[in-house]
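Notes to accompany the following structure.
A note on names: the letters A, B, ... follow the listed sequences, proteins ahead of strands, and every chain is numbered from 1. Bear in mind that the values here come from a model prediction, so they are computed numbers and not experimental data.
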Amino acid sequence: MTVERLADWLANTNPGFFILFAALFVPFARSNIVRALLLVGGPAVALVALINADGLSLNLSTLKILGYELVLYRPDSLSFVFGLAFIIASALVGIYSLHRRDAMQDSTAMLYAGAAVSAVFVGDLISLFIMWELTAIASVFQVLAPRSQDSVRAAMRYLVFQISSGLLVLAGVCMFVSATGQTQFALIAPSMAGLPVGVMDIAAPGAVLILAGFGIKAAFPMVHNWLQDAYPKTTETGAVVLSAFTTKLAVYALARYFAGLEWLIWIGAIMTVFPVFFAVIENDLRKVLAYSLNNQVGFMVCAVGIGTQLAVNGAAAHAFAHIMYKALLFMSMGAVLYRTGTTKATDLGGLHRTMPWTTLFCLVGAASISALPFFSGFVAKSMVMSASYADPALFVVWIMLLFASAGVLEHSGIKIPYFAFFGHDSGKRPQEAPFNMLMAMGLAAALCILIGVSPGWLYRFLPYEQVAREYLASDLWTAPHVLQQLQLLVFAMLAFMLLQWRKLYPAEAPGLILDVEWLWRRGWPMLTSALSAPMRQLGRWAGGQAGLINGMVGGLARQAFAPNGWASAKVPFSVTAVCSLAILGLVLAIALFR
Amino acid sequence: MSDVEKSEVKDLAPAPLGEFGEHPLSILLFSWMRGKMFLRVFAIILGVVGIAAIGLEIWLAQKTIRDVTSVPGFYAVFGFIAFGAAVLSGWPLGKLLRRREDYYETRSGEAGRDR
């Protein structure tokens with residue numbers, strides 16, 4: 001009886017909660033075995049719970065609070081594939097970080113993973129917001145982990161973006177819920193072929209704010225720089241953790257609420273293209289991977305925008321595959337950082353001599369991200385490409401995606417392994433990575449190959465299984481499809497060799513590449529410095545008027561906000577909440593530009 | 001054999017294997033890549049595979065060409081040009097956007113390390 005009750009409880013509890021629960025004990029684990037059990041055991045229990053879920057598309061666990069029904073666990077075929085990827089990634093991260101002891105980093109990494117898993121399985125906007133914020137707060141500790149001046153500054157900038165994203169989502173949710181009274185996504189709009197995706201109309205109250213909040217986390221163009229700023233400054237393990245969850249959680253949220261929104265097609269297409277140019281000239285290989293992450297998320301955002309069943313499948317499959325191969329690439333660069341102390345291309349080269357396993361795993365990651373046939377990227381990205389190709393109106397988008405595919409080969413397929421492990425010999429002869437790192441990389445590499453060789457098992461978990469099966473049976477392995485992809489990659493590689501031979505490939509050079517962050521790190525201080533003299537004069541004048549203004553404002557405020565004042569009596573609570581959020585957002589913006 | 005000829009032979013010979021400290025797996029997997037002829041041979045193999053892929057596409061292609069993307073070899077040409085364009089853009093972009101590493105703040109060290 002007790003076993004039955006335990007099984008029932010397991011089947012009806014959000015799998016993310018098990019990881020969150022395990023995270024609470026990690027700081028107190030003195031023995032390495034207990035620590036390993038918690039880091040890997042938490043995700044393992046979550047996986048068992050997910051596989052044994054008491055049914056899909058049902059509210060398995062709810063909680064009534066303040067008059068709202070929070071849906072704590074509502075798995076369906078969209079959340080399943082994202083949740084599965086997150087759980088596997090959190091286990092891989094656990095294994096990858098076993099060589100070091102840092103209670104803060106371990107526990108916050110698990111909290112972050114647990115929050116991300118929980119977020120994809122909750123069934124309402126309020127719970128989503130809570131988990132959304134938990135991922136933001138837990139993840140900032142990964143950026144802080146090196147405890148250097150650089151990392152602390154980067155963490156503060158990162159936090160401003162993440163909290164701004166949360167504030168926008170909260171403001172949007174407040175407006176949406178007060179206008180519609182609806183919090184559960186399954187009840188907002190009719191399902192698309194039995195699955196609630198794209199449930200929110202962009203014209204609905206607060207929807208634009210929610211989209212903007214999701215967009216910051218997905219690193220949309222112009223708000224993408226938190227990613228390239230923070231990820232390369234964290235530890236070797238921190239970058240792996242960060243790469244897996246934040247942006248993919250945003251992709252999930254976009255698919256759930258805004259699939260089919262045309263704006264996303266173009267935003268995604270731009271996201272795929274512009275990082276290619278930055279990655280070409282970037283010297284820090286982890287920053288190259290951060291740009292590459294931006295580029296890959298662009299494919300997913302574009303697919304979400306297209307919104308057909310094939311496209312949503314493509315976004316989900318690509319997110320799953322991407323979590324694995326991007327984690328693998330970050331792990332290989334983490335191993336290089338761990339052994340050599342740098343990931344600068346100018347300081348590396350020739351590491352394959354003493355780090356052959358790491359080299360091999362990096363090559364698998366590179367082949368996967370480049371979408372080489374029989375590797376995971378090919379079976380996932382093909383669906384996105386096919387979905388865009390299917391609509392003649394999206395021809396320009398398709399061309400942009402094709403260009404980005406060649407660009408991916410350049411920065412992640414060739415540049416990362418070539419400059420780190422081959423290229424000119426740096427003379428460095430570091431030891432091979434620790435066993436736990438190799439094990440995590442080996443498992444991720446095995447998954448990349450398994451998905452590529454036998455995509456059927458991944459396709460089974462996709463949101464629209466029937467469409468995925470048809471695609472597998474009639475499109476994926478057709479000779480023209482494989483041959484065309486092979487042509488694209490082979491001739492791009494020939495271009496690389498030709499450019500190297502003719503010495504036309506830009507040499508790696510130390511330096512910092514300017515990006516949009518210049519606006520708040522240099523532009524704003526320059527502007528304020530230029531305006532400081534007139535501002536000081538204005539300040540002196542305002543100071544003279546301050547007494548008078550203070551008296552007037554104070555009197556008005558007392559009249560307005562007293563218990564029986566007009567604001568307290570007439571203004572709805574939601575407006576007050578949104579105003580408070582706007583003020584907090586303003587403070588955050590000032591903090592960013594400070 | 002003259003000294004020049006001897007030096008040419010030496011250049012064509014594969015790099016010595018088993019350098020002190022080198023991982024045995026590295027010798028097994030990657031030592032063949034160190035020969036001077038490697039790049040030339042690899043380029044020839046890539047070229048052959050690429051041309052074979054185009055040839056097979058022509059052989060398997062439908063009779064009708066719907067648009068430019070269904071012309072055999074489109075992906076090969078596109079891949080070559082797109083890759084070249086992306087890389088060559090690095091020259092002007094590097095000049096335009098590259099700054100000293102301490103441009104924003106004093107450089108306090110490398111990327112983060114685990115404690």
Side-chain angles (χ1 to χ4, degrees), chain A residues 100 102 145-146 148-151 153 232-238 276-277 280-281 284 286 337-338 341-343 352-354 356-357 359-360 402-403 406-407 409-410 429 432 479-480 483-484 486-497 499 504-506 509-514 521-522, chain B residues 19 21-30 33 39 42-43 46-47 49-50 53-54 56-57 60-62 67 69-70 73-91 93-94 96-115:
Chain A
R100 59 110 168 95
D102 182 346
S148 66
Q149 275 190 350
D150 268 3
S151 68
R153 289 197 194 107
K233 293 197 178 70
T234 180
T235 60
E236 47 266 45
T237 47
V276 169
F277 298 104
V280 168
I281 49 176
D284 184 340
R286 289 207 303 176
L337 177 65
Y338 183 71
T342 184
T343 49
H352 73 274
R353 293 167 193 273
T354 51
W357 285 110
T359 308
L360 193 63
L402 200 62
F403 172 81
L409 176 74
E410 195 286 319
R429 297 290 183 267
E432 181 55 280
L483 289 171
Q484 286 163 354
L486 207 58
Q487 282 176 36
L488 185 85
L489 298 179
V490 164
F491 279 86
M493 283 174 78
L494 280 170
F496 170 75
M497 297 188 79
L499 290 166
L504 288 171
Y505 194 98
L512 178 143
I513 304 301
L514 296 183
R521 295 184 73 179
R522 265 297 174 89
Chain B
E19 181 193 344
E22 187 167 1
H23 199 292
L25 184 70
S26 168
I27 299 169
L28 184 72
L29 290 179
F30 305 117
M33 297 167 73
L39 284 178
F42 189 61
L46 276 182
V49 171
I54 297 173
L56 275 172
E57 196 193 6
L60 294 167
Q62 307 277 328
D67 51 34
T69 64
S70 56
F74 168 80
Y75 288 81
V77 174
F78 189 93
F80 191 86
I81 293 174
F83 191 98
V87 169
L88 292 175
S89 72
W91 290 103
L93 281 177
L96 183 71
L97 299 175
R98 188 174 284 117
R99 297 288 185 277
R100 286 158 50 107
E101 291 200 337
D102 59 357
Y103 178 75
Y104 286 127
E105 51 214 3
T106 311
R107 192 180 172 200
S108 65
E110 269 290 352
R113 307 289 304 278
D114 272 324
R115 284 146 58 105

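- Of the two parts of L28(B), neither the backbone nor the side chain holds a non-hydrogen atom closer than 4.5 Å to a non-hydrogen atom of chain A.
- Between the NE2 atom in H352(A) and the OG atom in S26(B) there is a gap of 4.5 Å [rounded to 0.5 Å].
- Rounded to the nearest 0.5 angstrom, H23(B) NE2 and R429(A) CZ are separated by 14.0 Å.
- Of the listed residues A509(A), A479(A), P356(A), A406(A), the one with more heavy-atom pairs under 4.5 angstrom with chain B than any other is P356(A).
- No side-chain heavy atom of Y103(B) sits less than 4.5 Å from a side-chain heavy atom of R521(A).
- Here the straight-line distance linking atom CZ of F42(B) with atom CE of M497(A) works out to 6.0 Å at 0.5 Å rounding.
- Considering only residues two or more places apart in sequence or on other chains, L97(B) meets the side chain to side chain contact (heavy atoms under 4.5 Å, CB included) condition with F278(A), I281(A), I513(A), L514(A), L93(B).
- Of the inter-residue distances, the one linking F74(B) atom CZ with Q487(A) atom CD reads 10.5 Å to the nearest 0.5 angstrom.
- From L489(A), atom CG reaches atom CZ of F83(B) across 10.5 Å, with rounding to the nearest 0.5 Å.
- For the residue pair G90(B) and V280(A), the shortest heavy atom distance occurs at CA-CG1, 4.0 Å.
- Contacts between L499(A) and chain B at a heavy-atom distance below 4.5 Å involve the side chain alone, from C-beta outward.
- Residues satisfying the ring-ring contact (aromatic ring centres under 6.0 Å, His included) test with F80(B), not counting sequence neighbours, are none.
- Of the listed residues L56(B), V77(B), L96(B), the one with more heavy-atom pairs under 4.5 angstrom with chain A than any other is L56(B).
- In plain terms, the two heavy atoms of V87(B) and L504(A) that are nearest each other are CG1-O, 4.5 Å.
- For the pair V49(B) and V490(A), the tightest heavy-atom approach, listed with the atom from each and the gap, is CG1-CG2, 4.1 Å.
- Here the shortest heavy-atom pairing between A86(B) and F277(A) reads CA-CE2, 4.4 Å.
- With a 4.5 angstrom heavy-atom cutoff, R99(B) touches chain A via backbone and side-chain atoms both.
- Interface summary for chain B: among G407(A), P480(A), P510(A), the most heavy-atom pairs under 4.5 angstrom belong to P510(A).
- Here the straight-line distance linking atom CG of L512(A) with atom CZ of R98(B) works out to 10.0 Å at 0.5 Å rounding.
- Counting heavy-atom pairs closer than 4.5 Å to chain B, the top-ranked of the candidates V276(A), L486(A), L402(A) is L402(A).
- Contact tally against chain A (heavy-atom pairs below 4.5 Å) for G84(B), P24(B), A43(B): the top residue is A43(B).
- Minimum interatomic distance between P506(A) and W91(B) (heavy atoms only, all atoms of both residues): CA-CZ2, 3.7 Å.
- Residues Q484(A) and E57(B) share a closest heavy-atom pair of NE2-OE2, 3.1 Å.
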